[in-house]
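Basis for what follows: all heavy atoms, side chains included, without hydrogens, waters or symmetry-related copies.
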Number of protein chains: 2
Amino acid sequence: MGHTDPVTTTGPKGRRGRPPRGSATLSRERVVEAALALVDEEGLDQISMRKIAQRLRVDPMSLYNHVADKDDVLDGIAEALLAGIPAPPADGSPRERMEAVARGFRTAMLAHPKAAPTVLTRQLASPAGLAPLAAAVAPLLDAGCPPREAVHALRAALGFLVGSLLREVNAGPSFGTDPAAGGQRRRTLESAELPSLTAIAPHLAVCDHEAEFEYGLDLVLTAVERKLPG
Amino acid sequence: MGHTDPVTTTGPKGRRGRPPRGSATLSRERVVEAALALVDEEGLDQISMRKIAQRLRVDPMSLYNHVADKDDVLDGIAEALLAGIPAPPADGSPRERMEAVARGFRTAMLAHPKAAPTVLTRQLASPAGLAPLAAAVAPLLDAGCPPREAVHALRAALGFLVGSLLREVNAGPSFGTDPAAGGQRRRTLESAELPSLTAIAPHLAVCDHEAEFEYGLDLVLTAVERKLPG
DNA sequence: ACCTGAACACCGTTCAAGT
DNA sequence: ACCTGAACACCGTTCAAGT
């Protein structure tokens with residue numbers, strides 16, 4: 001529905017063989033781009049090779065000339081999101097530089113909340129993920145942190161980032177963010193025989209994701225900062 | 001392969017109608033149990049309603065008398081894992097009690113590493129998840145932490161737990177844990193033009209998950225502890 | 001070199017029919 | 001009340017055939 005197509009499409013469905021001159025040629029990039037658009041609209045579980053092909057006005061099997069399989073498409077989506085993380089400024093305190101990477105990471109994920117789990121739940125060994133990783137450790141090394149310790153701190157911080165963002169993107173727009181919404185959930189919380197839960201139920205029912213992220217980021221980065229020499 | 005079946009099975013495939021007296025009757029619990037066993041053996045993505053039914057020696061459609069749909073089965077698996085978290089001792093310092101919950105959570109996930117993502121990636125609003133949540137906040141409240149702050153701290157710590165465990169269970173048994181294995185990955189790391197990465201590459205290539213978890217847990221809980229009054 | 005379509009081996013789930 | 005099987009509308013992917 002309502003997908004604005006560029007003028008460049010392959011011809012009517014009867015076609016066969018090479019595309020006519022002037023039509024956009026297929027490529028891994030274009031496949032991933034179409035897949036990401038589809039995920040943004042319909043969600044990760046709604047994606048299929050056949051739907052991606054349909055959106056590109058191409059036979060489903062044509063995709064396999066440019067990607068290995070569906071998993072490769074998901075890898076491509078993850079890379080695309082990671083590429084959206086801005087390079088942080090190289091000046092500023094270690095703390096400020098680490099904050100910049102973390103916030104850039106969050107912003108990049110929130111730009112495609114439905115696609116974000118591809119990044120957050122898979123092994124990010126791709127080159128696209130290495131740049132932000134490097135940007136995150138650099139401040140620690142510059143501050144004199146020994147490499148071994150820097151990796152520990154990096155992994156702890158990354159754990160927090162991944163877990164927090166996964167919660168945020170999974171929550172969906174209609175839960176946690178709206179103070180009036182938590183009714184049913186609140187009831188669930190209070191019905192249990194857990195006194196410590198009933199005490200915090202009102203606060204659990206709402207969640208300002210931005211504020212929550214900043215609270216946790218401050219907590220973690222303060223702890224990391226304290227590990228630095230000097 | 002090699003699945004040890006109890007004596008209680010429904011008859012040969014020709015059957016129809018109610019099961020014969022003496023055969024184990026189907027139930028939500030038994031469906032979830034079979035599904036979990038299947039996930040443990042073959043992985044989350046290999047699960048299907050049809051395979052679960054096959055393992056129970058039952059028509060695939062019979063499952064729908066006890067679960068709403070496939071997603072409901074996954075919810076059941078998540079609940080089962082959460083139920084495996086031991087109730088922590090009520091005595092000890094706040095710090096010790098929080099550590100106990102965190103380690104119990106990790107142990108429960110590692111008991112079913114292939115199923116753990118069901119817990120880690122979905123909204124855990126089920127009653128089974130509330131008990132550990134209550135056990136985790138209780139020490140904070142007991143220490144005089146105001147409820148609002150306790151929820152912030154809880155969410156930050158939970159973010160770390162989820163992100164860390166997701167990395168651990170996704171890593172698989174053959175990566176990170178073995179010092180000799182990281183060869184190819186190491187080469188990927190060093191080939192990039194990122195000096196800060198080459199500096200830490202040897203440490204990134206290996207990962208003792210247990211030690212990493214304890215490092216991060218100490219980092220986070222120390223930070224949380226510092227927020228407590230007194 | 002790239003695109004195509006038929007075909008294969010699967011899916012989740014609805015529904016009417018059994019007992 | 002519960003189990004069954006046929007049927008529907010999908011999947012991802014292989015392969016031989018086209019241009």
**Student:** Which residue pairs satisfy the salt bridge (charged side-chain N to carboxylate O under 4.0 Å, His left out) criterion with at least one member in residues 60-69 of chain A, sequence neighbours excluded?
**Tutor:**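 Salt bridge (charged side-chain N to carboxylate O under 4.0 Å, His left out) check on residues 60-69 of chain A returns no pairs.
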**Student:** Within this structure, what is the CD-to-P distance between B/Q54 and C/dC10, rounded to whole angstrom?
**Tutor:** 10 Å
**Student:** Can you confirm if the NZ or CZ of B/R106 lies within 45° of the ring axis of B/F213 and under 6.0 Å from the centre of its six-membered ring?
**Tutor:**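 Judged by the rule (NZ or CZ under 6.0 Å from the ring centre, within 45° of its axis), B/R106 counts as positioned above B/F213.
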**Student:** Can we say A/E168 and B/R155 salt-bridge, meaning some charged N sits less than 4.0 Å from an Asp/Glu carboxylate O?
**Tutor:**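 Not counted as a salt bridge, because no side-chain N and carboxylate O are separated by less than 4.0 Å.
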**Student:** Test side chain to side chain contact (heavy atoms under 4.5 Å, CB included) on A/L133 and A/V101; report intermediate values, then the result.
**Tutor:** CA-CA 9 Å; A/L133 220 59; A/V101 180; over 6 Å; no
**Student:** Between B/R122 and B/D71, is the closest basic N to carboxylate O distance under 4.0 Å?
**Tutor:** yes
**Student:** Check each residue of residues 59-71 of chain B for a non-hydrogen atom within less than 4.0 Å of any atom in DNA chain D, then write out the ones that pass by number, or none.
**Tutor:**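 Listed by number, they are B/D59, B/M61, B/S62, B/N65, B/H66.
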**Student:** Return yes if some donor-acceptor pair links the side-chain N/O of B/S196 with the main-chain N/O of A/A134 below 3.5 Å, else return no.
**Tutor:** yes
**Student:** May I have the distance from B/R57 (atom CZ) to D/dC3 (atom C1'), rounded to whole angstrom?
**Tutor:**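 Going from CZ in B/R57 over to C1' in D/dC3 covers 17 Å.
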**Student:** If pairs are Watson-Crick or G-U with both distances under 3.5 Å, what is the dot-bracket string of DNA chain D, marking crossing pairs with [ ] and pairs to another strand with |?
**Tutor:** ||.|||||...|||||.||
**Student:** Rounded to whole angstrom units, what separation is found between the CE atom of B/M49 and the C1' atom of C/dT13?
**Tutor:** 9 Å
**Student:** When you check the gap from the basic side-chain N to the acidic O, do B/E214 and B/R103 get nearer than 4.0 Å?
**Tutor:** yes
**Student:** Starting from P on D/dC10, measure out to CG on A/D45 and report it in whole angstrom.
**Tutor:** 15 Å
**Student:** Between B/R50 (CZ) and D/dC11 (P), how many Å, whole number?
**Tutor:**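 The answer, rounded to whole Å, is 15 Å.
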**Student:** How long is the line joining CD of A/E42 and P of D/dC10, in whole Å?
**Tutor:** 12 Å
**Student:** Do other residues, nucleotides or ligands put more than 12 heavy atoms under 6.0 Å from B/E29 CD?
**Tutor:**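 Result for CD/B/E29: open.
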**Student:** Would you call A/E42-A/K51 a salt bridge at under 4.0 Å N-O?
**Tutor:**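 Yes, this pair counts.
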**Student:** Quick one: B/I52 CD1 to C/dG12 C1', roughly how many Å, whole number?
**Tutor:** 11 Å
**Student:** Roughly how many Å is it from CD1 in A/I47 to C1' in D/dC10, rounded to a whole number?
**Tutor:** 16 Å
**Student:** Given C/dT4, D/dT13, C/dC3, which nucleotide is nearest the side-chain atoms of A/V58?
**Tutor:** C/dT4
